[in-house]
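For this chain, numbers begin at 1 and follow the sequence in order.
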Amino acid sequence: MTSRNDIRLGADIGGTFTDIALDMRGTLYSTKVLTNYTAPEQAILDGIRIVTEQAGISPAELDIVIHGTTLATNALIERRGAKTAFVTTEGYRDVIEMRSENRFEQYDLNLKLPAPLVAREHRFTVKGRMNAQGQELQPLDEAKLEEIANAISEGGFGAVAIGFIHSYMNPEHERRARAILQRKLSVPISISAEVSPQMREFERFNTVCANAYVRPQMADYLARLQVRLKEMGATCPVFMIHSGGSLISVDTASEFPVRLVESGPAGGAIFAADIARRFGIENVVSYDMGGTTAKICLIENFVPKTARTFEVARTYRFCKGSGMPISIPVIEMIEIGAGGGSIAWVDSMGRIQTGPESAASEPGPACYQRGGERPAITDADLMLGKLDADNFAGGAIKLSVQNAETAINKDVGSKLNLKPLSAAFGISEVVDENMANAARVHAVENGKNISDNIMIAFGGAAPLHAARLCEKLGVEECLIPQGAGVGSAIGFLKAPFGYEALVSHLAKLSGINLDAVNATLADLSTAAESFVRSGTNAPLEREVTAFMRYAGQGWEIPVTAPQPPFNDEALATIRERFLENYARFFGRPIEGAEIEIVTWSVKVEVKQNFTQSGTVSYGERVVTPALQRDVFDPSNGAMLPTGIFDRGTLQIGDRVAGPAIITERETSTIVTAPFDAVIQHDGTILLVKKGKSA
């Protein structure tokens with residue numbers, strides 16, 4: 001159990017950098033270390049040594065370590081998981097390959113889908129059947145399961161997934177199958193009724209396969225990390241942040257590693273929500289651009305948007321249905337391959353493209369001088385003068401302008417007959433437009449106008465591109481918080497202990513069984529609270545959500561429910577909230593149509609007390625720069641002398657007229673010509689469109 005949390009450390013393993021943030025009684029220390037793909041925990045240990053030395057403490061004085069990682073995501077995308085066997089109901093062997101049969105690109109004759117995680121010859125079927133109400137129609141063939149156990153044992157499998165039809169209604173067959181297999185196998189076994197007890201077999205089966213696929217690798221990594229932390233003297237508890245934005249124990253994370261798939265981005269959304277709350281801003285779009293990807297999330301009333309499912313490894317940018325569905329509670333965001341390390345290239349039609357392939361940390365962009373020869377976004381930013389070659393990452397990495405120019409000219413400039421500077425600007429404009437398009441798509445899908453939001457930008461590369469992105473989106477204000485370069489790691493420190501349990505239980509609202517619903521919600525509350533209590537004994541709060549639809553529709557919308565136990569009045573409240581939400585999403589409700597509840601969710605987390613610390617100020621004290629360097633100005637199409645400011649020397653209320661650059665250790669903020677920058681009460685930078693005031 002955690003008691004003292006005076007010295008808290010957040011560690012975020014990204015595709016290019018591992019970010020470390022240390023909060024020592026309110027004072028923040030941070031660093032960025034290149035991610036070590038061979039031994040990911042090494043970068044965390046190196047980062048801990050750096051920040052503890054900065055703070056003048058030893059690792060033994062840490063009270064808590066909170067960790068998030070993209071390792072599970074990368075294992076799924078790069079297919080580096082365990083050899084997995086899938087045991088399913090007879091007749092359902094090919095569900096994960098047939099998918100939903102949806103053609104997300106209607107006229108593409110060469111439609112490309114992600115291959116299933118488990119090959120057909122590694123899928124085993126067994127007789128036994130539950131109906132949609134959870135009643136047994138056919139008993140489980142236990143003799144066949146004994147044969148399957150022998151085949152799996154002889155096949156050299158590293159993990160097993162079990163997914164039976166309608167097990168979300170009655171998990172008894174899955175639990176019995178696991179018990180039979182465990183008698184002969186020593187590998188981890190995941191069952192869908194525990195990993196994702198939700199309707200829709202394709203999504204549920206795929207999720208349990210993904211959990212089994214990454215489970216041995218993640219369990220080994222987490223065990224190794226704990227051992228090595230103790231060896232360096234850090235004996236404090238370690239907790240993980242899951243995709244829904246709360247903390248769970250390492251044991252839970254090892255059993256359900258699929259819940260870690262979006263853990264890093266979730267930390268970023270929590271960071272942005274905390275900034276929004278401190279400034280009292282109700283409508284925010286968070287923009288997180290790191291070394292490998294860019295993530296955009298809508299935050300309303302200080303709470304990030306959430307969902308029950310998302311996709312990884314999409315084969316078509318922005319196309320729902322082209323990726324691998326994962327059905328777990330998750331902070332909803334759109335993610336594209338647009339990071340500082342994203343590779344720039346020219347397609348067959350002579351168009352500049354960026355990503356999704358990334359130079360990552362090995363070999364990195366060409367300018368890193370680590371063997372990379374292909375141009376990345378960072379190379380373009382360096383060519384355009386946005387980066388200081390001698391002061392990148394606080395001087396830890398020396399950048400080569402010549403290497404960047406050579407790579408850009410070779411792969412882009414020479415192919416399009418462009419000078420290197422023009423090619424670099426083309427690369428930068430393409431990535432900015434891709435991110436702007438992603439933001440527009442995400443807002444429209446949620447029934448929002450993106451320009452109605454204030455942007456909060458963080459991640460190592462976001463402050464370099466935020467102002468230009470705001471220009472394209474019509475957003476007039478953007479906040480760059482203190483520690484923006486390691487925003488996700490700081491977000492980990494703001495995350496509460498929490499867990500969301502859910503289960504599908506289809507029922508018509510008009511004929512719902514209140515006793516059954518209240519029993520289900522009580523079970524979900526108990527399950528969620530047991531996970532949370534493994535990390536804290538603090539007071540808890542509970543949020544109940546019903547996922548609802550009109551009968552016959554294919555998807556649901558979330559509706560916040562009153563606190564159980566329910567009575568007839570509570571059901572009337574749920575109905576009214578559904579009609580209001582449906583009208584907000586689709587314009588108007590459907591009169592007289594039957595309403596269904598498909599899934600119940602109970603989220604339990606530590607009760608938090610939030611206070612607003614101030615409001616946005618616009619400053620009038622214009623400051624002049626002591627230094628200048630040439631930076632490319634998009635409005636003039638040329639390199640122009642631009643003021644350079646050290647963020648640490650700027651005072652509250654200072655206003656910097658764009659164009660300008662504000663530098664700090666982990667990143668730099670580009671203030672384009674249409675914007676000014678104002679230093680806020682807590683050191684946050686406000687990018688504000690010229691002429692705008694309180």
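There is a side-chain donor-acceptor pair under 3.5 Å between Ser504 and Thr599. Neither side chain, Tyr213 nor Arg80, offers a donor N or O lying under 3.5 Å from an acceptor on the other. For the 3.5 Å distance criterion, the side chains of Asp46 and Gln42 qualify, holding a donor opposite an acceptor. Using a 3.5 Å distance cut-off with no hydrogens or angles, the side chains of Glu203 and Ser196 do not pair a donor with an acceptor. Counting only N and O atoms by type, the side chains of Thr560 and Thr545 include no donor and acceptor under 3.5 Å apart. Looking only at atom types and distance, the side chain of Glu500 has a donor-acceptor partner in the side chain of Ser601 under 3.5 Å away. Judged purely by distance below 3.5 Å, without hydrogens or angles, the side chains of Ser167 and Arg204 pair a donor atom with an acceptor atom. A donor-acceptor contact closer than 3.5 angstrom is absent between the side chains of Ser254 and Arg215.
Atoms CG and CD1, on Asn211 and Ile328 in that order, are 9.0 Å from each other to the nearest 0.5 Å. The distance from the CD atom of Glu332 to the OG1 atom of Thr306 is 7.5 Å, given to the nearest 0.5 Å. Rounding to the nearest 0.5 Å gives a distance of 9.5 Å between CG of Leu71 and CG of Leu260. To the nearest 0.5 Å, the span separating OG1 on Thr125 from CZ on Arg93 amounts to 7.0 Å. The distance from the CD atom of Glu594 to the OG atom of Ser510 is 3.5 Å, given to the nearest 0.5 Å. Distance check, rounded to the nearest 0.5 Å: CZ of Phe239 to CD1 of Ile66 gives 8.5 Å.
Between His173 and Phe164, the ring planes are perpendicular. Angles over 60° get that label, and only those under 30° would be called parallel.
A distance-only check finds no donor-acceptor pair linking the side chain of Arg129 to the backbone of Leu137 [under 3.5 Å]. Put simply, the side chain of Lys295 never gets that close to the backbone of Gly264: no donor and acceptor are under 3.5 Å apart. Asn206 places no side-chain N or O within donor-acceptor distance of the main-chain N or O of Ile96, the cut-off being under 3.5 Å. The closest donor-acceptor contact from the side chain of Asp288 to the backbone of Ala294 lies at 3.5 Å or more, if one exists at all. For Glu541 (side chain) and Lys607 (main-chain N/O), no donor-acceptor pair under 3.5 Å exists by modelled atom type. Between the Ser525 side chain and the Leu521 main chain, a donor and an acceptor come within less than 3.5 Å of each other. In this structure, the side chain of His242 engages the main chain of Gly498 through a donor-acceptor pair within 3.5 Å. For the pair Arg542 (side chain) and Gln563 (backbone), a donor-acceptor distance under 3.5 Å is absent.
You'll find the ring centres of Phe157 and His122 inside the 6.0 Å limit. Ring to ring, Tyr168 and Trp600 are not that close: their centroids are 6.0 angstrom or more apart. A distance below 6.0 Å separates the ring centres of His67 and Tyr221.
Contact between Ala161 and Cys209 at its shortest, heavy atoms only, is CB-CA, 3.9 Å.
You'll find the side chain of Leu117 reaches within 4.5 Å of the side chain of Met324, heavy atoms only. Two residues are said to be in side-chain contact when any heavy atoms from C-beta on lie closer than 4.5 Å; Arg123 and Thr88 fail this criterion. At least one side-chain heavy atom of Asn537 sits less than 4.5 Å from a side-chain heavy atom of Arg533.
Residue Lys230 qualifies as open at atom NZ: its count of foreign heavy atoms under 6.0 Å is 12 or below. No more than 12 heavy atoms of other residues, nucleotides or ligands shown are found within 6.0 angstrom of NZ on Lys127.
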Under the salt bridge (charged side-chain N to carboxylate O under 4.0 Å, His left out) rule, what do Lys603 and Glu543 come out as? Steps first, then yes or no, please. CA-CA 5 Å; Lys603 183 176 183 179; Glu543 181 181 278; 5.8 Å; no
Worked check of salt bridge (charged side-chain N to carboxylate O under 4.0 Å, His left out) between Arg183 and Glu146: CA-CA 9 Å; Arg183 292 202 294 258; Glu146 297 281 356; 2.9 Å; yes
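A salt bridge links Arg120 to Asp94: one of the charged nitrogens lies within less than 4.0 Å of a carboxylate oxygen.
In this structure, Arg200 forms no cation-pi arrangement with Phe205, as its terminal cationic atom is not both closer than 6.0 Å to the ring centre and no more than 45° off the ring axis. Judged by the 6.0 Å distance and 45° axis criteria, Arg308 is positioned over the aromatic ring of Phe547.
Only one option out of Val208, Val187, Ile191, Ile148 pairs with Val160 in a side-chain contact (heavy atoms from CB on, under 4.5 Å); it is Val187.
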